[in-house]
Amino acid sequence: MDAADVSRPDAVIDLARYPLDAPDDPRRAEIVARCRSDLERDQYCELPGFLTEAARARAVADALAALPRGHDNSAERNCYLQRTGDPSLPSDHPRNIMLSASTRMLAADLLPPTSPLKTLYYWAPLQQAIAEIVGEARLYPNEDPLQPVNTLCYREGDRSAWHFDSVNAFTMTLMLQAPERGGEFQIWPNTRSDDDQRYDQVTRVLKGEADDRIRTVAREPGALCLFRGCNSLHRVSPVEGDRLRIMGVFVYETEPGVIGDPQVNETVYGRPTATV
Ligand SMILES: O=C(O)CCC(=O)C(=O)O
Ligand SMILES: [Fe+2]
């Protein structure tokens with residue numbers, strides 16, 4: 001397959017399995033209904049085999065080419081994404097349990113304009129289907145030069161420690177390459193609610209205790225995943241082996257014209273805006 005092909009949605013998405021561009025196809029309605037109810041119940045839903053093999057291979061090659069310019073992110077933080085604890089609370093309170101996380105972040109401007117991830121992200125029928133799944137009237141692309149389409153790479157030892165997401169109502173990820181071992185996405189659906197933080201139970205999980213409410217989400221390469229991480233504790237377990245875990249990450253907005261906060265960009269990408 002040549003370079004031009006992955007700029008076409010039909011070469012990037014398995015449209016025979018996911019006919020998102022056919023509004024009257026009953027399979028489209030079934031997919032949307034199934035994802036809506038999975039997301040409602042489990043706080044995540046999956047669309048296995050979403051990406052074509054040619055697009056997946058191209059996205060992996062793009063990531064490996066851009067990796068030397070990516071941002072190495074390592075931080076100690078609590079599960080609320082804060083870098084400092086609260087001295088007025090006990091040392092084993094979740095706000096004082098610091099966990100280390102490390103990943104390699106590739107911003108949107110490090111991915112080529114022909115990236116299959118960009119083809120997918122900007123395709124209106126996908127935006128419409130995702131809006132229906134998450135229950136929004138419409139979704140819009142993020143217009144920041146760095147934020148809308150990212151690739152997150154995990155080398156051996158990299159991990160994302162247990163955390164609650166702070167900003168996005170939902171996150172969309174696309175598994176591009178699985179590691180040899182580890183790198184498992186785990187989520188505890190509905191860990192907390194607005195009026196119950198469940199600090200004691202969160203402490204036990206942060207200390208490494210098993211809990212049968214925690215799900216390990218099977219992530220086959222090519223699988224698209226939507227999850228709501230704001231009230232559901234989640235992590236990526238440490239990656240083992242030489243093969244990188246490579247993940248596409250996408251941010252949609254509920255209004256047009258959203259750009260990022262330069263300070264947030266500085267933390268996530270190591271720079272406030274585009275430099276290339
Ligand atoms: O790499 C992943 O699977 C998910 C990372 C994550 O926690 C997030 O994007 O909020
Ligand atoms: Fe997260």
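Atoms within each ligand, like the ligands themselves, are counted from 1 in listed order. If you're wondering where the values come from, they're calculated on a predicted model, not measured in any experiment.
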Quiz item: Got a sec, which residues hit salt bridge (charged side-chain N to carboxylate O under 4.0 Å, His left out) with Arg95, two or more places apart in sequence or on another chain?
Solution: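 So Arg95 forms no salt bridge (charged side-chain N to carboxylate O under 4.0 Å, His left out) with any residue.
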
Quiz item: Can you find a side-chain donor-acceptor pair between Gln186 and Arg235 that sits under 3.5 Å?
Solution: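 The criterion, which ignores hydrogens and geometry beyond distance, is satisfied for Arg235 and Gln186.
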
Self-check item: Residue pair Thr52 / Asp14, side-chain donor-acceptor N/O under 3.5 Å
Solution: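 No - no donor-acceptor pair under 3.5 Å links their side chains.
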
Quiz item: For the side-chain contact (heavy atoms from CB on, under 4.5 Å) test, which of Leu206, Leu233, Asn78, Leu81 pairs with His163?
Solution: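 For His163, the side-chain contact (heavy atoms from CB on, under 4.5 Å) test succeeds with only one of Leu206, Leu233, Asn78, Leu81, which is Leu81.
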
Self-check item: Between CZ on residue Phe170 and CD1 on residue Ile133, distance to nearest 0.5 Å
Solution: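 Between atom CZ of Phe170 and atom CD1 of Ile133 there are 9.0 Å.
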
Ligand-residue contact atoms, ligand 1 with [X], heavy atoms, under 4.0 Å:
X      : result
His234 : 7 (O), 10 (O)
Asp165 : 10 (O)
His163 : 7 (O), 10 (O)
Val236 : 1 (O), 2 (C), 3 (O)

Among all protein heavy atoms, pick out the one at the shortest distance from [atom]; state its residue, atom name and that distance to 0.1 Å.
atom                   : result
atom 9 (O) of ligand 1 : Thr171 CG2, 3.9 Å
atom 5 (C) of ligand 1 : Tyr154 OH, 3.8 Å
atom 8 (C) of ligand 1 : Phe227 CZ, 3.7 Å

Quiz item: Is the shortest N/O to N/O distance between Arg245 and ligand 1 below 3.5 Å?
Solution: yes

Quiz item: For ligand 1, is any non-hydrogen atom under 4.0 Å from Phe164's backbone (N, CA, C, O), its side chain (CB onward), both, or neither?
Solution: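 Neither part.
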
Quiz prompt | Atoms of protein origin (N, O or S) under 2.8 Å from the Fe ion (ligand 2) | solution = His163 NE2, Asp165 OD1, His234 NE2

Quiz item: Pairs in or reaching into residues 22-48: which pass ring pair (Phe, Tyr, Trp, His ring centres under 6.0 Å), with residues at least two apart or in two chains?
Solution: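 Sorted pair list comes back empty.
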
Residues 253-263, side-chain donor-acceptor partners within the protein, below 3.5 Å, at least two apart:
from	atom 1	to	atom 2	distance (Å)
Glu253	OE2	Asn142	ND2	2.9
Asp261	OD1	Gln263	N	2.9

Exercise. Please work out whether the ring planes of Tyr80 and Tyr199 are parallel, tilted or perpendicular, with thresholds of 30° and 60°.
Key: perpendicular

Exercise. List the steps and the verdict of side-chain contact (heavy atoms from CB on, under 4.5 Å) for Val217 and Asp42.
Key: CA-CA 11 Å; Val217 182; Asp42 301 330; over 6 Å; no

Quiz prompt | From CA spacing to verdict: salt bridge (Lys or Arg N to Asp or Glu O under 4.0 Å), Glu53, Arg56 | solution = CA-CA 5 Å; Glu53 175 53 26; Arg56 192 200 64 79; 2.9 Å; yes

